[in-house]
Engineer: 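Please find one structure pasted underneath; my questions will follow.
Order of the sequence lines fixes the chain letters, A, B, ..., with proteins taken first and strands second; residue numbering starts at 1 for each chain.
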Amino acid sequence: MAQKPALPKGTRDFSPELMARRDFIFNTIKTVFKRYGYQPIETPAMENLSTLLGKYGDEGDKLLFRVLNSGDFLSSVKQGDESLTAEKLSPQISEKGLRYDLTVPFARFVVQYRNELSFPFKRYQIQPVWRADRPQKGRYREFYQCDVDVVGSNSLLNEAELVQMTHDIFDALQIKVIVKINNRKILAGIAEYIGRPDALIDITVAIDKLDKIGIEQVNTELITKGIESEAIEKLQPVLFMEGNSREKLKALDKIIGQTISGSKGLEEMNLLFDFLEIMHLDKIAELDLTLARGLNYYTGAIFEVKALDVPMGSICGGGRYDDLTGVFGMPDVSGVGISFGADRIYDVMQTLNLFPENATASTQVIFLNFGAKEVIYCLPYANQLRQKGLSAEVFPDDAKLKKQMKYADQKHIPLVVMAGETEVAEQKFTLKNMLSGEQLEVAADQLITTILKIQNP
RNA sequence: GUGGUUGUAGCUCAGCUGGUUAGAGCAUCAGAUUGUGGUUCUGAGGGUCGCGGGUUCGAAUCCCGUCUUCCACCCCA
């Protein structure tokens, strides 16, 4: 019985054409990562739920894909008197989950191999992650992240380097971006200043929506979260703050300069912008106090990158986490990193038509098949081309020339080599340029040099 | 998780207030062209109308459920 082929919700296939473009993105990103001394690692698609749960907040826990235990996973389930809920059943039948991001598995990795790594440890990691979210524009259930992180260094130079790599990558991809930067310590200082340090998360999440829903709705949300009106009143000058990054930092100093975390955060940001100015990166980076970022583990700088010419969620995000390795038993190791969302970058480049034309070309030369004897005549020459570094193929079947030509045409193969009875007898080949349609005859011993000349003029 | 939306050939879509045998374009394959693609002409194949149930003499069409698509919220790359 034939079944309809289909994919799980929110997942996609990638054809050769798509892969050529995706590889273009991955290669660009990788090249930059390596240029700054980062080394690749990979971790499994699955992690134990114990390493995943509780790292991303309640929302994140809900979005984790859980993997059922193998075998008769129900046999050991203990059912009490109370009714069975998914929440109670889940830990009994599932102990593994698909990774939700690359940062937490990396933290696990660092702790596990701490004695073999030399710090600061700089790694990059390009792998898919899974989230059981509802798919929509730019949001998938399986997508690739390209993470760069450095752990074991507190220096703000690392933050500056991440911004610089971000600049290099999007410059190479020709996407115009703005890097928004904020600092959790500043946010904490603000929460402290208005007298609600406990409500940091609620406050930042509400502020994060400022440019989306406006000041009044933000204030409404703060009220529903139980923030007193005097506190909201004290918050207003921060929300209305204007000027460039430096001016904002200066103005903030008057407001939260006295708070412990606030002053620390301001100090960090001033130093970071010093670096960015020296590196001439202050044009693409800006301080954005409304940037909150949900991931719970960030403690210092936070980043988000948005494409300027396309309305789309962030294509890149990251920040500093002072104690992510702490939960795995390795305290006081600070890390900072950023993650590039390859799939969203793809969507941005697709809408802006930024992919280079020749990204799909693969085979450079094809030998048509005129029959058994003729193929034997061609085979050594195809091999010689491959040894010279050209990609060459020989059509496997003795099909009609029309079909073989059509194959070459649709695969965008620029050069076709033909050898039938006549060519074999006269020890030559017929070369056809598929772009111009021109044909020329070449002596067999001249074939390789002629093709090389055409391919690398 | 909440609200809305979509589903007809491989793809993009027509298909009227329910009424004979569900259509088009593109794509595929074959031929015109026995050693020549991208243009043209001719022909052919391809459908449980997402799936399940209901209403009806009769359902692609109306109703319910379910899955899927896309969108908004939540959250996020």
Engineer: Could you point out which residue of A:Ile29, A:Val32, A:Ile338 forms a side chain to side chain contact (heavy atoms under 4.5 Å, CB included) with A:Met165?
Structural biologist: A:Val32

Engineer: Could you measure between the two P atoms, the one in B:U61 and the one in B:C76, and give it in whole Å?
Structural biologist: 42 Å

Engineer: Measuring from the side chain of A:Ser314 (C-beta onward, heavy atoms only), which nucleotide among B:A77, B:U69, B:C75 has the closest atom?
Structural biologist: B:A77

Engineer: Select one nucleotide: of B:U36, B:C75, B:A77, the one nearest the side-chain heavy atoms of A:Gln439.
Structural biologist: B:U36

Engineer: Is A:Lys432 touching bases, backbone alone, or none of the nucleic acid, heavy atoms closer than 4.0 Å?
Structural biologist: base

Engineer: Can you tell me, in whole Å, how much space there is between the C1' of B:G4 and that of B:U69?
Structural biologist: 13 Å

Engineer: Counting only side-chain heavy atoms from C-beta out, which of B:A77, B:C75, B:G35 sits nearest to A:Lys209?
Structural biologist: B:C75

Engineer: For the side chain of A:Gln136, starting at C-beta, report the closest nucleotide among B:C71, B:C76, B:C29.
Structural biologist: B:C71

Engineer: Using a heavy-atom cut-off of under 4.0 Å over every strand shown, decide if A:Tyr144 touches base, sugar-phosphate, or nothing.
Structural biologist: nothing

Engineer: Provide, to the nearest angstrom, the distance between the OH atom belonging to A:Tyr100 and the C1' atom belonging to B:C76.
Structural biologist: 6 Å

Engineer: Specify the separation, in whole Å, of atom NZ of A:Lys406 and atom C1' of B:U39.
Structural biologist: 12 Å

Engineer: For A:Gly138, answer base if it contacts any base atom (sugar-phosphate contacts may also be present), sugar-phosphate if it contacts only those atoms, and nothing otherwise; contact means non-hydrogen atoms under 4.0 Å.
Structural biologist: base

Engineer: Whole Å only: how far is the NZ atom of A:Lys402 from the C1' atom of B:A30?
Structural biologist: 10 Å

Engineer: In terms of the nearest nucleotide of RNA chain B, which residue is placed more toward the 5' end: A:Arg141 or A:Thr11?
Structural biologist: A:Thr11

Engineer: Any base atoms under 4.0 Å from A:Leu435, or only sugar-phosphate, or nothing? Heavy atoms, all strands.
Structural biologist: base

Engineer: Closest to the A:Glu59 side chain: B:C29, B:A77, B:C75?
Structural biologist: B:C75

Engineer: Look at the side chain of A:Phe370 and decide which nucleotide, out of B:G37, B:C71, B:G35, has an atom nearest to it.
Structural biologist: B:G35

Engineer: Can you find a donor-acceptor N/O pair under 3.5 angstrom joining the side chain of A:Arg134 to the base of B:C75?
Structural biologist: no

Engineer: May I have the distance from A:Leu7 (atom CG) to B:G10 (atom C1'), rounded to whole angstrom?
Structural biologist: 15 Å

Engineer: Does some side-chain heavy atom of A:Arg66 sit less than 4.5 Å from a side-chain heavy atom of A:Leu49?
Structural biologist: yes

Engineer: What is the distance, to the nearest angstrom, from the CE atom on A:Met418 to the P atom on B:G37?
Structural biologist: 10 Å

Engineer: Over 60° means perpendicular and under 30° means parallel, so classify the ring planes of A:Phe340 and A:Phe170, tilted if in between.
Structural biologist: tilted

Engineer: Counting side-chain heavy atoms from C-beta on, which of B:C74, B:U36, B:C29 comes nearest to A:Thr430?
Structural biologist: B:U36

Engineer: Whether A:Lys137 contacts B:C71 is assessed here as follows: a side-chain N or O lying under 4.0 Å from the phosphate OP1 or OP2. Is that the case?
Structural biologist: yes

Engineer: Please work out which of the three classes, parallel, tilted or perpendicular, describes the rings of A:Tyr407 and A:Phe395, given edges at 30° and 60°.
Structural biologist: perpendicular

Engineer: By the 4.0 Å heavy-atom rule, please label A:Tyr140 as base, sugar-phosphate, or nothing.
Structural biologist: base

Engineer: Check A:Leu447 against A:Val442 and note the closest heavy-atom contact, atom names and distance.
Structural biologist: N-CG1, 4.1 Å

Engineer: Run the ring-centre check on A:Phe14 versus A:Tyr346 and record whether the distance is less than 6.0 Å.
Structural biologist: no

Engineer: Taking the six-membered ring for Trp, are A:Tyr38 and A:Tyr124 closer than 6.0 Å centroid to centroid?
Structural biologist: no

Engineer: Mind checking A:Gln404 for me? I need base, sugar-phosphate or nothing, with any heavy atom below 4.0 Å counting as a touch.
Structural biologist: nothing

Engineer: Does A:Asp409 make a side-chain donor-acceptor contact with the base of B:G38, cut-off 3.5 Å?
Structural biologist: no

Engineer: Give A:Gly10 one of three labels, base, sugar-phosphate or nothing, depending on what nucleic acid heavy atoms sit under 4.0 Å from its own.
Structural biologist: sugar-phosphate

Engineer: Are B:A77 and A:Phe340 stacked, with the base six-membered ring and the side-chain ring centres under 5.5 Å apart and planes under 30°?
Structural biologist: no

Engineer: Distance between the C1' atoms of B:U8 and B:U12, in whole angstroms?
Structural biologist: 12 Å

Engineer: From the set B:U69, B:C76, B:C29, return the single nucleotide nearest to any side-chain atom of A:Lys9.
Structural biologist: B:U69

Engineer: Taking atom C1' in both B:G1 and B:C63, compute the distance separating them and give it to the nearest angstrom.
Structural biologist: 27 Å

Engineer: Return the value, rounded to whole Å, for the distance between atom CG of A:Leu431 and atom C1' of B:G35.
Structural biologist: 15 Å

Engineer: Can you check the distance between B:A14 and B:C49, where both ends of the measurement are the C1' atom (answer in whole Å)?
Structural biologist: 13 Å

Engineer: Using whole Å, what does the distance between atom P of nucleotide B:C11 and atom CG of A:Asp13 come to?
Structural biologist: 13 Å

Engineer: Compute whether any side-chain donor of one residue and acceptor of the other, for A:Arg386 and A:Gln384, lie under 3.5 angstrom apart.
Structural biologist: no

Engineer: Heavy-atom nearest nucleotide on RNA chain B for A:Lys62 versus A:Gly420: which residue maps closer to 5'?
Structural biologist: A:Lys62

Engineer: With heavy atoms under 4.0 Å as the rule, sort A:Asp343 into base, sugar-phosphate or nothing.
Structural biologist: nothing

Engineer: Can you tell me, in whole Å, how much space there is between the P of B:A24 and that of B:U66?
Structural biologist: 37 Å

Engineer: Could you state the atom-to-atom distance from CZ of A:Arg99 to C1' of B:A77 in whole Å?
Structural biologist: 14 Å

Engineer: Give A:Gly437 one of three labels, base, sugar-phosphate or nothing, depending on what nucleic acid heavy atoms sit under 4.0 Å from its own.
Structural biologist: base

Engineer: Heavy atoms under 4.0 Å, any strand shown: does A:Glu423 hit a base, just sugar-phosphate, or nothing?
Structural biologist: base

Engineer: Could you please name the option among B:G37, B:G31, B:A77 that lies closest to any side-chain atom of A:Lys400?
Structural biologist: B:G31

Engineer: What interatomic distance, in whole Å, is found between C1' of B:C62 and the corresponding atom of B:U55?
Structural biologist: 8 Å

Engineer: Determine whether a donor-acceptor pair (one donor, one acceptor, N or O, separation below 3.5 Å) exists between the side chain of A:Arg131 and the base of B:C75.
Structural biologist: no

